[in-house]
There are 2 protein chains.
Amino acid sequence: MKLSTRSTYGMRALVELALTARHRPVSVASIAKRQELSVAYLEQLLHRLRQQGVVGSIRGPRGGYVLAKDPEQITMADVIRVLDGENGETMGKGSTNGSSRVGASRAAGRAHHRHAQRIAHTVWRCVHDRVAESLGAVTLQDLCNAVRTDGEDPPDHRF
Amino acid sequence: MKLSTRSTYGMRALVELALTARHRPVSVASIAKRQELSVAYLEQLLHRLRQQGVVGSIRGPRGGYVLAKDPEQITMADVIRVLDGENGETMGKGSTNGSSRVGASRAAGRAHHRHAQRIAHTVWRCVHDRVAESLGAVTLQDLCNAVRTDGEDPPDHRF
DNA sequence: TGATACCCTACCAAATTTGTCAACTAAAAG
DNA sequence: CTTTTAGTTGACAAATTTGGTAGGGTATCA
């Protein structure tokens with residue numbers, strides 16, 4: 001089970017936004033600098049988060065990104081869905097591979113297929129449901145709180 | 001968040017073992033056939049599961065693999081750790097990238113670094129803990145039960 | 001002894017992920 | 001109204017992971 005850097009980068013950017021005084025846009029450059037990651041890459045991520053209504057953007061001088069919802073309303077599941085999702089849900093179908101020459105026997109293939117399908121589906125669904133549930137329970141607010149309690153360092157906010 | 005096919009293949013094989021009458025070894029070929037996946041690949045997976053004490057093996061004719069623990073004692077977290085783990089925990093360190101020319105300003109880099117590190121670590125740990133928790137709660141036994149209840153479809157017995 | 005079936009290592013091709021570049025558009029400041 | 005800031009967008013390249021194959025070895029039983 002892997003947590004992509006994309007999603008963690010995205011969530012880190014959101015934490016940065018949430019930690020900033022409300023209603024004041026923060027530029028990509030600023031976030032990138034504070035979080036020590038590539039401007040160009042972060043741009044992509046924030047763009048997608050904006051398209052899905054997680055953040056809002058303001059253009060021009062003094063512009064930047066702002067949270068579009070309350071931190072309690074944004075979950076890790078949301079971020080992952082927006083940034084990692086889209087393309088492949090990886091399963092859902094095609095899970096039992098073509099098996100090029102494994103099932104050489106034509107006869108009796110049907111029953112096996114159903115059996116394999118059923119187990120594959122069950123395994124996937126049980127795991128997926130549980131994980132989705134816990135990811136949905138981690139909110140941006142939780143993370144902000146954790147950050148505050150975690151270290152004592154006041155995060156040096158100026159500019 | 002992605003569930004690798006490796007781990008689902010592995011878990012499917014374990015379900016297959018659990019569903020078989022206990023104490024009777026099942027050959028890789030047999031599992032591969034029933035689950036419709038490549039023998040050679042499955043061999044790798046079962047090999048690693050054996051090294052980590054999840055299954056046991058019996059060599060020679062009539063040999064095969066057997067569960068080494070009760071189905072309640074084997075969780076999805078175990079399988080994932082054995083099959084996907086090892087190499088990259090993906091985070092833990094190095095999460096804040098080199099940022100070639102982003103941090104052009106040499107001064108004040110330290111404080112930023114600490115700040116970035118702290119948030120990165122917090123985000124990662126919160127999410128990881130939750131997910132690990134839910135994966136640890138899904139046992140092989142649960143999956144077997146789900147498979148039994150899931151499909152009422154009598155699997156089309158004619159062959 | 002020979003067939004069966006696990007043991008183990010190395011390797012590969014393709015997909016995915018991570019990240020960069022560069023040109024473009026919108027809007028506010030001066 | 002011009003400049004400058006800053007988001008928009010898409011193409012593209014490098015690195016890593018993934019899913020899978022190949023092929024020889026080794027133990028065990030009939």
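The chains referred to below are lettered A, B, ... by the order of the sequence lines, with proteins before strands, and numbering in each begins at 1. Since the structure is predicted, the reported quantities are computational estimates derived from the model, not experimental observations.
Each of C:dC8, D:dT18, D:dG7 was ranked by its minimum atom distance to the side chain of B:Arg6; first place goes to D:dT18. With C:dC6, D:dT21, C:dT18 as the choices, the nucleotide that has an atom nearest any side-chain atom of B:Ala40 turns out to be D:dT21. Nearest to the side-chain atoms of B:Val28 among the listed nucleotides D:dG7, C:dC6, C:dT18 stands C:dC6. In this structure, of D:dT9, D:dG7, C:dC6, it is D:dG7 that holds the atom nearest to the side chain of A:Tyr65. Residue A:Thr5 has its side chain nearest to C:dG19 when only D:dT8, D:dT21, C:dG19 are considered. The side chain of B:Pro61 lies closest to D:dT28 when the candidates are D:dT28, C:dC7, D:dT18.
A:Lys2 is not listed as a side-chain neighbour of B:Lys2, based on a closest heavy-atom distance of 4.5 Å or more.
No hydrogens or angles were tested; on distance alone, a donor-acceptor pair under 3.5 Å links the side chain of A:Arg59 to the base of C:dT25.
Not a single donor-acceptor pair under 3.5 Å links the side chain of A:Asn145 to the backbone N or O of A:Asp142. Judged by distance alone, the side chain of B:Arg12 and the main-chain N or O of B:Gln35 form a donor-acceptor pair under 3.5 Å. Judged by distance alone, the side chain of B:Arg118 and the main-chain N or O of A:Val147 form a donor-acceptor pair under 3.5 Å.
Contact check on B:Arg6 versus B:Asp84 returns a salt bridge, with a Lys/Arg side-chain nitrogen under 4.0 Å from an Asp/Glu carboxylate oxygen.
Contact check, A:Tyr9 against C:dG19: a side-chain N or O comes under 4.0 Å of OP1 or OP2. Taking 4.0 angstrom as the limit, B:Arg50 places a side-chain polar atom (N or O) nearer than this to OP1 or OP2 of C:dC7. Close to D:dT9, at under 4.0 Å from its OP1 or OP2, lies a side-chain N or O of A:His47. Between A:Ser38 and C:dT18, a side-chain N or O to OP1/OP2 separation shorter than 4.0 Å is absent.
Taking atom CD1 of B:Ile80 as the reference point, atom P of D:dT17 lies 17 Å away to the nearest angstrom. The CG-C1' distance, from B:Leu42 to C:dA5, rounds to 13 Å in whole Å. Per the geometry, CG belonging to B:Asp84 stands 12 Å off C1' belonging to D:dG19, to the nearest Å. Distance A:Lys2 NZ to C:dT17 C1': 7 Å, rounded to the nearest Å. D:dT5 atom C1' lies 12 Å from atom CD of A:Glu43, rounded to whole Å. Atom CG of A:Leu3 and atom P of C:dT16 are 19 Å apart (whole Å). Look at CZ on B:Arg24: it is 13 Å from P on C:dA5, rounded to the nearest Å. For B:Met1 and C:dT17, the CE to P distance is 13 Å, given to the nearest whole Å.
Under the 3.5 Å distance criterion, with hydrogens and angles disregarded, no donor-acceptor pair is assigned to the side chains of B:His128 and B:Glu133. In this model, a donor atom of one side chain and an acceptor atom of the other lie less than 3.5 Å apart for B:Ser4 and B:Ser7. At a cut-off of 3.5 Å, with distance as the only test, no side-chain donor of B:Gln52 or B:His47 sits close to an acceptor on the other residue.
For the pair B:Arg62 and A:Gly63, nearest-nucleotide mapping onto DNA chain D gives the more 5' position to A:Gly63.
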Using nucleotides 10-15 of chain C, report all nitrogen or oxygen pairs with the protein that are shorter than 3.5 Å.
residue : atom : partner : partner atom : Å
C:dA10  : N6   : B:Gln44 : NE2          : 3.4

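Among the heavy atoms of the strands lying under 4.0 Å from A:Ile58 are primed sugar atoms or P, OP1, OP2 only; no base atom is included. When heavy atoms are screened at a 4.0 angstrom cut-off, B:Val26 is found touching the sugar-phosphate backbone but no base atom.
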